[in-house]
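Input: a single structure, listed below in structure tokens.
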Amino acid sequence: MPRRQSPHVLSARLRDDLPIDFDRYPFDIPAVRDIETIQFHPNVTFLVGENGSGKSTVLEALAKSLGFGAEGGTRGVRHETTESVSSLHEVLRVARGVPFPRDAYFLRAESFFNVATYMDDIPEAWPSYGGKSLHRQSHGESFLAVLQHKLRGNGIYLFDEPEAALSPARQLAALRLFHRLVEDRSQLIIATHSPILLAYPHARIFRFGPYGIEETAFEDTEHFALTRDFLNHHERRVKDLLSDVD
């Protein structure tokens with residue numbers, strides 16, 4: 001069983017002392033309306049849901065509230081190539097635990113290329129990423145370089161779809177690296193579609209859906225059910241999927 005610890009981040013909810021237009025993005029997303037229900041696990045919390053369900057939007061707002069740039073990296077990285085950040089962080093109240101974490105990182109799959117480009121212009125920072133330019137590694141290798149070398153433990157780590165660049169075997173490797181960080185008193189908050197990552201034991205899983213946010217078990221996630229069904233009946237499922245295609 002993973003080590004129990006005091007969480008670095010306790011919870012997040014919408015502030016009740018500021019006006020919010022719930023007909024305006026992102027507050028018109030059901031899960032965003034319901035984020036006061038998020039109580040983070042001291043070890044690992046997963047945010048799951050369909051595309052557009054709001055999980056990455058909430059993770060981005062949490063990251064901004066904790067002092068990260070929207071595109072990721074350490075809290076000292078302020079490289080941003082777009083102004084598409086939602087206003088959610090402006091009305092998000094985040095309760096933090098003590099002691100404060102020694103380390104912190106936000107890894108966002110869709111903008112990691114921009115962060116890697118920024119870091120490549122700072123060669124003195126390369127040793128903390130394994131001593132090699134991130135752009136001279138494959139996408140998956142650079143992700144693992146962050147997990148293996150950059151993250152020092154006793155930290156708060158946010159990951160937005162880290163499986164995007166990882167093969168199934170590398171996802172298993174990432175799961176082991178996640179556990180190493182947890183054993184070193186870290187807290188992880190992860191938005192993911194990966195049933196492999198979701199299998200981390202004793203994690204708290206929040207499902208983002210059309211009726212808001214609800215806590216669920218790994219075996220009750222759509223990710224687990226669909227993957228198990230497809231692997232057990234793949235020939236029939238592929239035949240059914242392709243039968244009506246012109």
Side-chain angles (χ1 to χ4, degrees), residues 5-18 20 26-27 29 31-32 34-49 54-112 114-116 118-119 125 128-129 143 146-147 150-162 177-178 181-182 184-192 197 200 203-206 208 213:
Q5 62 190 26
S6 298
H8 299 304
V9 179
L10 301 171
S11 63
R13 65 179 179 86
L14 295 180
R15 295 178 58 172
D16 54 13
D17 59 337
L18 293 175
I20 298 174
F27 306 101
I29 300 174
V32 172
D34 199 31
I35 61 175
E36 65 178 351
T37 63
I38 300 181
Q39 300 282 337
F40 298 106
H41 191 281
N43 297 141
V44 179
T45 300
F46 289 109
L47 313 180
V48 302
K55 62 186 185 301
S56 291
T57 300
V58 169
L59 190 69
E60 173 194 85
L62 178 62
K64 291 284 289 182
S65 297
L66 294 174
F68 295 101
E71 294 191 2
T74 65
R75 282 185 284 204
V77 174
R78 284 292 178 269
H79 180 70
E80 297 189 8
T81 58
T82 179
E83 296 182 358
S84 63
V85 179
S86 81
S87 60
L88 176 56
H89 66 281
E90 298 173 0
V91 295
L92 194 67
R93 188 183 301 279
V94 178
R96 307 189 192 191
V98 291
F100 294 116
R102 180 186 67 184
D103 195 30
Y105 202 91
F106 176 30
L107 192 154
R108 190 170 198 174
E110 68 177 6
S111 56
F112 185 70
N114 299 333
V115 173
Y118 175 84
M119 298 311 304
S128 64
Y129 287 92
F143 272 39
V146 172
L147 294 177
K150 181 62 178 175
L151 309 186
R152 297 173 295 164
N154 188 13
I156 175 69
Y157 302 118
L158 278 57
F159 301 99
D160 188 13
E161 300 184 6
L177 292 169
F178 287 166
L181 291 169
V182 168
D184 198 9
R185 297 168 294 157
S186 298
Q187 183 182 20
L188 283 60
I189 303 173
I190 307 168
T192 185
L197 299 184
Y200 188 83
R204 184 168 293 161
I205 301 174
F206 288 104
F208 285 47
I213 300 173

Next on the checklist: Restricting to non-hydrogen atoms, name the atom on G69 and the atom on F106 that form the minimum distance, rounded to 0.1 Å.
Outcome noted: O-CD2, 3.6 Å
Item to check | Any E60 side-chain heavy atom under 4.5 Å of S86 side chain | outcome: yes
Next on the checklist: What's the separation between atom CD1 in I20 and atom CG in D17, rounded to the nearest 0.5 Å?
Outcome noted: 9.0 Å
Checklist entry - Hey, mind stepping through T57 and F208 against side chain to side chain contact (heavy atoms under 4.5 Å, CB included) and telling me if it holds? => result CA-CA 11 Å; T57 300; F208 285 47; over 6 Å; no
Item to check | Distance, nearest 0.5 Å, that separates CG of L66 from NE2 of H89 | outcome: 12.0 Å
Next on the checklist: If you apply the rule side chain to side chain contact (heavy atoms under 4.5 Å, CB included), what do you find for L59 with R108, and how did you get there?
Outcome noted: CA-CA 10 Å; L59 190 69; R108 190 170 198 174; over 6 Å; no
Item to check | Side-chain heavy-atom pair V58, I38 within 4.5 angstrom cut-off | outcome: yes
Checklist entry - Say you draw a straight line from CG of L92 to CZ of R13; how long is it, rounded to the nearest 0.5 Å? => result 9.5 Å
Checklist entry - Taking all non-hydrogen atoms of both residues, which atom of D184 and which atom of G153 are closest, and how far apart? => result OD2-CA, 3.4 Å
Checklist entry - What heavy-atom pair brings G97 and L10 nearest, and what distance separates the two atoms? => result N-CG, 3.9 Å
Checklist entry - Between L47 and D160, is any pair of side-chain heavy atoms under 4.5 Å apart? => result no
Checklist entry - Under 4.5 Å between any side-chain heavy atoms of F40 and L62, yes or no? => result yes
Checklist entry - Hey, does the side chain of S11 reach the backbone of Q39 with a donor-acceptor pair shorter than 3.5 angstrom? => result no
Item to check | Single hit among R185, K150, R152 for side chain to side chain donor-acceptor pair (under 3.5 Å) with D103 | outcome: R152
Checklist entry - Side-chain contact, heavy-atom cut-off 4.5 Å: N154 with H8? => result yes
Next on the checklist: Working note: V9 + T45, criterion side chain to side chain contact (heavy atoms under 4.5 Å, CB included); need CA distance, chi angles, decisive distance, verdict.
Outcome noted: CA-CA 11 Å; V9 179; T45 300; over 6 Å; no
Item to check | Any donor-acceptor pair under 3.5 Å from Q187 side chain to H41 backbone | outcome: yes
Checklist entry - Are side-chain heavy atoms of L197 and F178 found at a separation under 4.5 Å? => result yes
Checklist entry - Hey, is the main chain of V182 close enough, under 3.5 Å, to the side chain of N43 for a donor-acceptor pair? => result no
Checklist outcome for this item: Heavy atoms of S65 and V94 approach each other most closely as CB-CG2, 3.7 Å
Checklist outcome for this item: Output for pair (L158 CG, L188 CG), nearest 0.5 Å, gives 8.5 Å
Item to check | E36 side, atom CD; R93 side, atom CZ - distance, nearest 0.5 Å | outcome: 12.0 Å
Checklist entry - Ring centres of F46 and Y200 under 6.0 Å apart? => result no
Checklist outcome for this item: Here the gap from L14 atom CG to I35 atom CD1, rounded to the nearest 0.5 Å, amounts to 4.0 Å
Checklist entry - So, for Y157 and L151, which heavy atoms are closest and what is the spacing to 0.1 Å? => result CE2-CD2, 3.6 Å
